[in-house]
Amino acid sequence: MSALELVSVAVATPLYRLFDYLAPAAMHARLQPGVRVRVPFGKRTVVGVVVEPPRSSSPGDFKYRPPLALLDETPLLSADLLELLRWAAQYYQYPLGRVIEAALPGPLRRGNAARDSSPVWVRLSVAGTTAKPPSRAHRLLGLLDELAQGPRPDDALDSGTLRKARDKGWIEDCHAPPAASGIAADAPQPSAAQCDVLRELRAARGFTVSLLEGVTGSGKTEIYLQVAADALSRSQQALILAPEIGLTPQLVSRFEARFPGRVAPFHSGMSESQRAQSWLAARDGRADIVIGTRSAVFVPFRQLGIVVVDEEHDASYKQQEGFRYSARDTAVFRAQQWKAPVILGSATPSLETLANGRAGRYRHLRLPQRVHRTAPPRIDLVDARGQAMSHGLTSSLLATTEKHLSAGGQVLLFINRRGFAPALLCRECGWVAPCKRCDARMTLHRSRSRLICHHCGYETVVPQQCGKCQAHALAPVGQGTERVEDALRERFPNHRVERFDSDRVRRAGELERLLRDVASGDIHILVGTQMLAKGHDFAGLSMVGIVSVDQALFGVDFRALERMGQLVVQVAGRAGRGTEAGEVLLQTHEPQHPKLRTLVEHGYGAFADELLAERVGSGLPPASHLALLRAESLDAAAAMRFLHDAKAGLKAQAGARRGVAALGPVAAPMERRAGRWRAQLLLQAEKRAPLQRALSAWVPGLGDLPSARKVRWSIDVDPVDLY
DNA sequence: AGCACGCCGACT
DNA sequence: GTCGGCGTGCTC
């Protein structure tokens, strides 16, 4: 062995390569893959991760620099985590250093020690139990009172008061009370359908993927709880993914109630240091169940035994910028790594997952019945053609709303559009207020008296005159949540109407507060966007009105219809009280649209089958595999030029592109956005392997094209939309 | 991405 | 005479 060895280090840069450092003999044994090092990088110092075992150097290697410091005694990233990250970097064509950066919680990414800094617990000392602080020392008294109930973690208490109490000798550190081992006894008796599903799941050995199809309220969460219990009883851990933080608290509390002290949450609503704690707790086996959003799929485990992806169809599992991974697909890879089963749960499975089920790659399990309710809601179409409309609401929709309100029911009206109106039109000349930075119309937000572009955030005051003919004839066209909210307030002045969208519900906790008012019956009419479509159970909701889905029927994106169907079924699922089925009305100007008819007459399954058949016919996913090279630039022609060069580069790679078609480049459906001109090149392949081969040979060199200088580009493997 | 180097316009 | 614009080159 030579005195100096080379180590390959992944550094967070956009470069598709590793960097070698020359390590002194004293470091060799400890420079194992997964260890973090502080290294000089250009003029900076950065934290990198060793990704290859050290190898011997040759005399010509003097150009390399030594690492400045070794940051871990034992690898921070286990071999299996590193394997996962390497797979993701390869599959999604993103530099390994940046993949690692995205997978590590902030403190660990910055090189902080990987130690358990979970809170110290404190309790009353013997002296503390009889302590008599002066009655004016409110805080001190409060602390002693609280500790009289039992030990508390110090991070939940005021540090100044703690210090005073420590100085007096009234409190002392202690161990955290042991987490209740095993499982709280309140697991309900599973239904017959749940028993069938559980029997199927338990019969499986090793890696299997199961699609668990079940409507809202069919008891999917109980299945997750039971399979997690199975894993825990084998001393294995569980990973549970949910699409949004908004839904995680409920899931966390149900798991926390069943498995006290054994759950580690992991989502963007937590502080970075809390996330680092959960990450380390799972890695070291101190936490048995990790529940989190997308990024939790990269949390390391000591012994992973089950993976659950709830609402697997949800688009938020796909990261839409930077490292564009799919947490659902990555979760499947993880389960395979651990030879563990994975459950993909949904009432409205994605076409990808359904196709895998039809092909026999995934098992398809069903929970057909609602546990507490009878029939799933029927959806009735309301023909809006020729009907009198008031702010987008037909008189029949309003009449049904009135019927339910007077019967004491609550009503949800769904519109997938924020603001008052999606356009401001001149009735004289037809001019529509445009965004000056995008190929888009400005949305009128009347409550704030602003025009706002929903694509770039650009805002202006509301103009009084037409921008073209100066006429004072501007009128809002179409409707958003604000307008429907106003219309309902006017029509039902004695009922409380609340709006649920990201404008109204800005701060954390606000949604919870409003939902409490819904639960208590204070709110009678809920108007909102997809925020209302997910998760929340509304016990008193007897009617759901879908104001419009017509844009989706003619949407440019190939997934527009699929998403429409999922959204409609999810929103419709909110309706129903106790054992009464709810009433669901879907208002449309296209009541004869064949897809809409299939959806309401034959249900999501038949609807999905039709869409799948069409995808096969048109060669779109899941019948093919796509990768999208996007580029944007302030210069109108630069993005297109780069994509042409990129395409020429692909064609030059003779062998590599067999089985891969390159379509375009074409201007993006919205060519100008936020002042940038955008274009895209689509790669399409029947099989994944040739696409992957072509990408690996092609993407790492794209940044070296001279025309890449003037553009921002990105590659999106398995894109969810083509915008 | 950072960060530095390098070569041409409006300011104390 | 300089401060600073962003083109272009490099990162073990």
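Both backbone and side-chain heavy atoms feed into the values below; hydrogens, waters and symmetry mates do not. So that the names make sense, note that chain A is the first sequence line, chain B the second, and so on, each numbered from 1.
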Q: Would you please classify the geometry between the A/Tyr325 ring and the A/Tyr92 ring as parallel, tilted or perpendicular, with 30° and 60° separating the classes?
A: perpendicular
Q) Within this structure, what is the CG-to-P distance between A/Asp20 and C/dC12, rounded to whole angstrom? A) 11 Å
Q: Rounded off to whole Å, could you give me the CD-to-P distance for the A/Glu321 and B/dA1 pair?
A: 13 Å
Q | Length of the line joining A/Asp635:CG and C/dC6:P, which is rounded to integer Å | A | 15 Å
Q: Looking at every strand, decide which applies to A/Phe41 at a 4.0 Å heavy-atom threshold: base, sugar-phosphate, or nothing.
A: base
Q. Could you write nucleotides 3-9 of chain B as a row of B, S and -, 5' to 3', where a protein heavy atom under 4.0 Å of any base atom gives B, of only sugar-phosphate atoms gives S, and otherwise -?
A. SS-----
Q.
Rounding to an integer number of Å, can you tell me how far A/Leu18 CG sits from C/dT11 P?
A. 15 Å
Q: Could you go through the salt bridge (charged side-chain N to carboxylate O under 4.0 Å, His left out) check for A/Arg302 and A/Asp284 one step at a time?
A: CA-CA 6 Å; A/Arg302 210 166 54 104; A/Asp284 299 338; over 6 Å; no
Q: Classify the angle between the aromatic ring planes of A/Phe19 and A/Phe41 as parallel (below 30°), tilted (30 to 60°) or perpendicular (above 60°).
A: perpendicular
(Q) Categorize A/Leu15 for me: base, sugar-phosphate, or nothing, with a 4.0 angstrom heavy-atom threshold over every strand shown. (A) base
Q) Between B/dG2 atom P and A/Arg712 atom CZ, what is the distance in whole Å? A) 13 Å
Q.
I need the CZ-P distance between A/Arg17 and C/dT11, as an integer number of Å.
A. 8 Å
(Q) Checking side-chain polar atoms at under 3.5 Å, does A/Ser8 have a donor or acceptor matched by the opposite partner on A/Arg55? (A) yes
Q | Ion pair check, A/Lys318 and A/Asp329, cut-off under 4.0 Å | A | no
Q.
From NZ of A/Lys63 over to P of C/dC12, roughly how many Å is that when rounded to an integer?
A. 10 Å
Q: Using whole Å, report how far CZ of A/Arg709 lies from C1' of B/dG2.
A: 13 Å
Q) Charged N to carboxylate O under 4.0 angstrom, A/Glu632 versus A/Arg672? A) no
